[in-house]
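Reviewing the structure listed below.
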Amino acid sequence: MPPSPSRVPLAAADTILVGARVRTLDPDRPRAGAVALKDGRIAAVGDAADVRHWRGAATEVIDLAGATLVPGLTDGHSHPLWGVEMATGLDLTAVRDLAGLRAELAAAVREVPRGGWLTGWGLDHNAFGDRPIHRDLIEDALGGAPAFLRLYDGHSALASGRALKAAGITGPRDFAQRASVVCDDVGRPTGHLVEHAAMNLVLPAMPRPSSAHRRLRLLGLLREMAAAGLTGAHVMDMEDADAPELLAGIEADGHLPVRLRLAPWCMPGIDADGLDHLVALQRRAGRHWRIGGVKFFMDGTVEGGTAWLERPDCHGQGTDAFWPDPAAYTHAVHHLDRAGVRTATHAIGDAAVRHVLDTVELLGDPRPGARHRHRIEHIETVPDAQLPRFARLGVAASMQPTHTHYTRADHTDAWSRRVGAERAGRAWRCRDLRDAGAVLVLGSDWPIAHHDPRQVLATARLRRPAGCPEVAPVTPGQALTGLQALEGLTAHAALAAGEEAEAGRIAPGFRADLTALAVDPVTAPADEVATAPVRLTVTGGHLTHRATL
């Protein structure tokens, strides 16, 4: 008997994948044994017996030797464009205390050429213990070199005295958005710069990499991501206006290793012309990249005192929105919604989350085709009353399980102490949101946390770092199942981007974005998933990573 028409490609397949345990996430056919690819799409899904009907003289057949094939893993929140500049210089992610920081700086500054800058990234707020962040704590380790050290949250930095002088920062500044140059009691800058507008004051004084260097770094990063199993990323930035040209230039010479969906930022003070410009940008696209959405900030971070909370944090901070006039944010979202543009809003505190949900509710009942047009990023603490509103309003929840690595189960970390025990007890409510019916897309927020999707899959289930059973899990009741975690990087990522008709499943006609892991990410122990070999990564039918078996 010939195979059913739904399994037969119109022409011989370009590539056939066999020897796999296929988790399709397609309810009509959840399991399969072979997949055929043609012209960047999935041409057929079937069993080993079907393969002979798909082959042609030029077809490549790849035996996955028992690996589990799943829809291509998509990072739901990443910053590869901004991150290749942000994550430069000294990697401080392993620093745990002030002594360690000073030692790292003293060693690194010896390699800085005369007149050069020392830059660093990934510095944990907890490294300062109970001390306020202050340049005096590091100045004597720098040997007089200007230094600019980004803290892990990406929303704050520590600048040395020489760096402040080079940037002309001598005292407090006023900003159109939530930001501050932190100063001491007599008005002298401490070096602690909070939020993007304050940090950006220093950037013009710093050396900037060339376009060629940025291109090399971006390509290298995307290849690393593909080797870890990623086929796509929702990119929550496009600060540089030349980003489309950068991506188009890469595609002129080959293929992007990871499919990118970009959301340029919308900041306070934007006018109608600026909003219309963001709408017009949505038409820009390449083969494996496109501008698809707009990114907002409703608040900042808990550790920086800029998360918008219903009640002040333990320092009396956290009572202001990132937009000085929250109604202006609502107006901007409604303007974009009328144009059919998707929005993603950074909202960490409970007041910020509430305001975004209120903004969507004011649009009226979800209109046909408008569900999940809007999403909220991070959602670090949220009360019970807000949970059912996500599903009711069609707002997708975008969360990053590995952010729990910066907190501790006993609430002794900087984040937990800031918000207090009650709010820390309802941190990163991934499971509660899923159980409330929300679409839950998972991501890494690279370079805030590592981009490896296997770590995201594992931490979503463990609520602690993989391979560290001695570490107590953070709010363990929020752990996801293996299937829910996989859906967060596949089917739910597609729903949040409005791509559910062509991505997030292994089904005929869908994009040929696929990931093959040596273990089943649903049933294997989570600690094993975190380090499982990636056998194959395919983006748009192109093999972007292939392990040697």
Side-chain angles (χ1 to χ4, degrees), residues 23-25 35 37 40-42 69-84 218-219 221-238 243-244 247 250-251 254-263 284-293 295 342 344 372 375 377 396 398-400 439-446 449-457 485-507 509-517 521 534 536-545:
R23 276 194 176 273
T24 68
L25 299 190
V35 179
L37 314 180
R41 296 276 169 172
I42 296 169
L69 187 70
V70 298
L73 300 179
T74 296
D75 190 325
H77 188 119
S78 186
H79 297 280
L81 295 173
W82 177 49
V84 293
L218 178 60
L219 267 174
L221 171 66
L222 296 180
R223 287 170 181 146
E224 288 179 12
M225 289 178 165
L230 281 174
T231 66
H234 297 171
V235 180
M236 293 297 163
D237 67 87
M238 200 190 79
L247 297 175
I250 294 173
E251 287 201 324
H255 296 282
L256 280 172
V258 176
R259 190 185 301 276
L260 303 179
R261 184 183 181 92
L262 286 66
R284 304 203 65 177
R287 292 192 305 277
H288 286 168
W289 67 272
R290 64 160 298 177
I291 298 175
K295 168 75 179 298
R342 295 177 176 274
H372 309 127
R375 51 191 274 182
E377 310 299 311
S398 172
M399 302 183 76
Q400 300 74 46
V439 165
L440 179 65
V441 53
L442 302 180
S444 70
D445 200 12
W446 186 87
H450 200 280
H451 57 69
D452 193 327
R454 296 167 297 178
Q455 293 186 20
V456 175
L457 288 169
L486 178 61
E487 289 172 340
L489 290 171
T490 54
H492 282 225
L495 280 165
E499 297 177 339
E500 64 272 21
E502 62 173 355
R505 287 188 283 163
I506 300 177
F510 277 54
R511 295 193 307 226
D513 296 349
L514 304 160
T515 304
L517 299 172
V534 179
L536 190 74
T537 311
V538 181
T539 301
H542 300 281
L543 274 61
T544 55
H545 170 75

Of all the heavy-atom pairs spanning [X] and [Y], show the shortest one and how long it is.
X    : Y    : value
V538 : L543 : CG2-CD1, 4.3 Å
A496 : R342 : O-NH1, 3.7 Å
S444 : Q400 : C-CG, 4.0 Å
L69  : A516 : CD1-CB, 3.9 Å
A485 : L442 : O-CD1, 3.7 Å

Enter the distance from [X]:[atom1] to [Y]:[atom2] here, rounded to the nearest 0.5 Å.
X    : Y    : atom1 : atom2 : answer
T490 : D513 : OG1   : CG    : 11.5 Å
L222 : L230 : CG    : CG    : 9.5 Å
H234 : R375 : NE2   : CZ    : 6.0 Å
L37  : R511 : CG    : CZ    : 14.0 Å
L495 : E487 : CG    : CD    : 9.5 Å

Is there a side-chain contact between [X] and [Y] (heavy atoms, below 4.5 Å)?
X    : Y    : value
I250 : W289 : no
T24  : P71  : no
I506 : L514 : yes
L457 : L489 : yes
L262 : L81  : yes
L247 : L218 : yes
E377 : M236 : yes
V235 : R261 : no

| said: Run L486 and L73 through side chain to side chain contact (heavy atoms under 4.5 Å, CB included) and show every step you take. | reply: CA-CA 8 Å; L486 178 61; L73 300 179; 3.8 Å; yes

So, does [X] use its side chain to make a donor-acceptor pair with the main chain of [Y] at under 3.5 Å?
X    : Y    : value
E251 : H288 : yes
R223 : P257 : no
H542 : T544 : no
D445 : S78  : no
H451 : M225 : no
T537 : A227 : no
R454 : G229 : no
T74  : G76  : no
D75  : G443 : no
H545 : V534 : yes

Is [X] salt-bridged to [Y], cutoff N-O under 4.0 Å?
X    : Y    : value
D237 : K295 : no
E502 : R41  : yes
R505 : E500 : no

